[in-house]
Protein chains: 2
Amino acid sequence: MSTSGARMTDNDTSQITERKRGSGVKLVYDLLRDEILDLKLAPGSAIDEVQLAARFGMSRTPIREALVRLVGEGLIETLPNRSTMVSNIDFLGMPAYFDALVLMYRVTTRLAAQHHTVNDLIIIRERQAEFSAAVAGQDALEMISTNADFHSAIAAAGRNAYYASFFDRLLGEGRRMLRLYYQSYDDRLPPRYVDEHEEIIAAVEARDVAAADQLGKAHGEQIVEQIGRLLTRNDRLDIDL
Amino acid sequence: MSTSGARMTDNDTSQITERKRGSGVKLVYDLLRDEILDLKLAPGSAIDEVQLAARFGMSRTPIREALVRLVGEGLIETLPNRSTMVSNIDFLGMPAYFDALVLMYRVTTRLAAQHHTVNDLIIIRERQAEFSAAVAGQDALEMISTNADFHSAIAAAGRNAYYASFFDRLLGEGRRMLRLYYQSYDDRLPPRYVDEHEEIIAAVEARDVAAADQLGKAHGEQIVEQIGRLLTRNDRLDIDL
DNA sequence: TGTATTTTTCTTGTCGACAAAGAATATGGA
DNA sequence: TCCATATTCTTTGTCGACAAGAAAAATACA
């Protein structure tokens, strides 16, 4: 009970009304996923099925199903017969992560330049507007998730479901790292992401594949570089000279 | 290598021996996955939880959990409140699939050339030996799954878990298409895959990144080309002039 | 006092049963 | 005969309960 310290009285989930059959798992899954990705549930913290069941006012069965799904996405880990916990962020695997992330930035932006339709552009611009608003409002959590949504929309315009789903998974994992990043920087806004997004949109609209590729690469590498700076800075703080 | 150990030689009639707690889901998951990927369960065919429960001699709960996992991998689809069925092979999405597959062939082979250890090579050679044996024995199913295992081992040597898991998923989906391919060709053996694998191993061992990239690309494109031939040929048959 | 062993506790894994949601089938009226 | 409505049937979604494993706590023993 010492760990997790999950406050359950503050959130709005306590009002249990008649739920539609089959909607429970999605509810639990979505909420838990968001809480994990927003670091409201700390990596490594324990997850108790009966506690969740009580919190959501349902039996353990649908809770369990949601957890199985999250395990499938790597957001949760289970020790057989023993414990269930939020997956830790794999710092050692970060180079590999960034490698994959940058590649997917490139590939999806490139494909979007090739295959987008007018409707795709409308959706992409909507996402960009949401991201822009979040930046203006200095809402870090919203910034992070709308940023992911923006790139997810780009990927969708690329018309490759395999890349899109893989990219979504990477972006999800990235939300946790970015959250860590902004947390330590006191929720200050990111330097030039909004402008870079605009450039990407322009390249996609112009169907300029080379430019889209290049911008995707630069955008990705810029994020990588910033996170890298964070980590080295944190190292210094930890060593505490 | 597919299913090792206890394979039910008799259909359905499972003498239920005392099962270890928690082993049930994995059993069901592994077996169902293999049956789906080997096309023993036809795409689009219905899946009945009760029937499976009876077949495996266990309650619906663990069955359900295995199904949820398979849904997560896209191998099974569920219509809410109604039916569960094996996912259809998405022929329209095949260009996208091949695009992703070739890219992953390239990336994983390239990374393997960079990061492999001596131990990786041993494992890779084991997989290649198994594949070679399957080809020699003209066992199509074994050929397909050992081929996937070979490339999975290459990916593992690349030390990028994100690429590896994505690649594994693609290879899984590919097993179904390949199975379709060999089925229609009467289980004849593939032309030069064994040799190409040897070339890949040599390039990886020599840490020749450029060659590894090139070979991965060629290997992937060769498969794509063959499947393409199959499809056009099938189209002709379907039209039946 | 320190360690080995038993007991308790706590969480997960599995079960059988029941209710809801559609689909399939039967019934009734024109 | 044909269509609209009611009824049954099948399959899934959810529940509460219980047993198994493993850690924590309690006990026994030197």
Side-chain angles (χ1 to χ4, degrees), chain A residues 1-6 8 13-32 36 41-42 44-87, chain B residues 12 14-32 36 41-42 44-72 74-87:
Chain A
M1 72 160 194
S2 58
T3 57
S4 87
M8 12 192 346
T13 51
S14 44
Q15 31 178 323
I16 304 133
T17 58
E18 282 290 318
R19 223 187 307 278
K20 260 170 272 174
R21 176 189 173 86
S23 72
V25 286
K26 179 168 166 46
L27 196 94
V28 175
Y29 169 81
D30 286 338
L31 192 52
L32 274 187
I36 292 173
L41 289 177
S45 63
I47 291 184
D48 184 1
E49 294 177 3
V50 313
Q51 192 175 321
L52 286 175
R55 174 180 170 193
F56 286 98
M58 58 177 74
S59 138
R60 273 177 53 220
T61 310
I63 304 282
R64 209 143 208 288
E65 185 169 327
L67 292 184
V68 169
R69 278 214 247 168
L70 290 169
V71 168
E73 289 184 42
L75 294 178
I76 277 183
E77 288 169 11
T78 66
L79 283 306
N81 273 319
R82 201 60 209 130
S83 65
T84 309
M85 55 177 241
V86 179
S87 295
Chain B
D12 298 358
S14 49
Q15 307 96 335
I16 304 109
T17 57
E18 281 291 317
R19 224 186 302 278
K20 262 168 273 174
R21 176 188 174 86
S23 72
V25 286
K26 179 168 167 47
L27 197 95
V28 176
Y29 169 81
D30 285 339
L31 192 51
L32 274 187
I36 291 173
L41 289 177
S45 62
I47 290 184
D48 184 2
E49 296 176 2
V50 183
Q51 193 173 322
L52 285 175
R55 174 179 169 193
F56 287 98
M58 58 177 73
S59 139
R60 272 177 54 219
T61 311
I63 304 282
R64 208 141 209 288
E65 185 169 326
L67 293 184
V68 169
R69 278 215 246 168
L70 290 168
V71 169
L75 295 178
I76 278 183
E77 287 168 11
T78 66
L79 283 306
N81 274 319
R82 202 59 211 130
S83 66
T84 309
M85 55 177 240
V86 179
S87 295

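Remember, it's a predicted structure, so these values are computed and weren't measured experimentally.
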How close do A66(A) and V28(A) get, heavy atom to heavy atom, and via which atoms?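 For A66(A) versus V28(A), the nearest heavy atoms are CB-CG1, 3.8 Å.
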
Nearest non-hydrogen partners of S87(B) and G74(B), listed with the distance: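 Scanning both residues completely, I find the closest heavy atoms to be OG-O, 2.9 Å.
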
Both P80(A) and I47(B) contact DNA chain D. Taking the nearest nucleotide for each, which residue is further toward the 5' end? I47(B)

Would you say a side-chain N or O of T61(A) is under 4.0 Å from OP1 or OP2 of dT14(D)?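 For T61(A), the contact criterion (side-chain N or O under 4.0 Å from OP1 or OP2 of dT14(D)) is not met.
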
Taking only side-chain nitrogens and oxygens of T84(B), does any of them come within less than 4.0 Å of OP1 or OP2 of dT12(D)?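 So the side chain of T84(B) is within the cut-off, an N or O lying under 4.0 Å from OP1 or OP2 of dT12(D).
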
Taking the side chain of [X] as heavy atoms from C-beta outward, which of [options] is closest to it?
X      : options                   : value
D48(A) : dT14(D), dC15(C), dT12(C) : dT12(C)
R21(A) : dT12(D), dT12(C), dG21(D) : dT12(D)
S59(A) : dC15(C), dA20(D), dG16(D) : dG16(D)

Rounded interatomic separation in angstrom, taking [atom1] from [X] and [atom2] from [N]:
X      : N       : atom1 : atom2 : value
E65(A) : dT14(C) : CD    : C1'   : 16 Å
I63(A) : dC15(D) : CD1   : C1'   : 13 Å
N81(B) : dA19(C) : CG    : C1'   : 11 Å
F56(A) : dC15(D) : CZ    : P     : 13 Å
Q51(B) : dT11(D) : CD    : P     : 9 Å
L52(B) : dT11(D) : CG    : C1'   : 13 Å
R60(B) : dT11(D) : CZ    : C1'   : 8 Å
L79(B) : dA20(C) : CG    : P     : 22 Å

5' precedence on DNA chain C between G24(B) and R82(B) (nearest-nucleotide basis):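 Closest to the 5' end, via its nearest nucleotide, is G24(B).
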
Rounded at 0.5 Å granularity, tell me how far [atom1] in [X] sits from [atom2] in [Y].
X      : Y      : atom1 : atom2 : answer
L67(B) : E49(B) : CG    : CD    : 6.0 Å
L70(B) : I76(B) : CG    : CD1   : 4.5 Å
L32(B) : R55(B) : CG    : CZ    : 6.5 Å

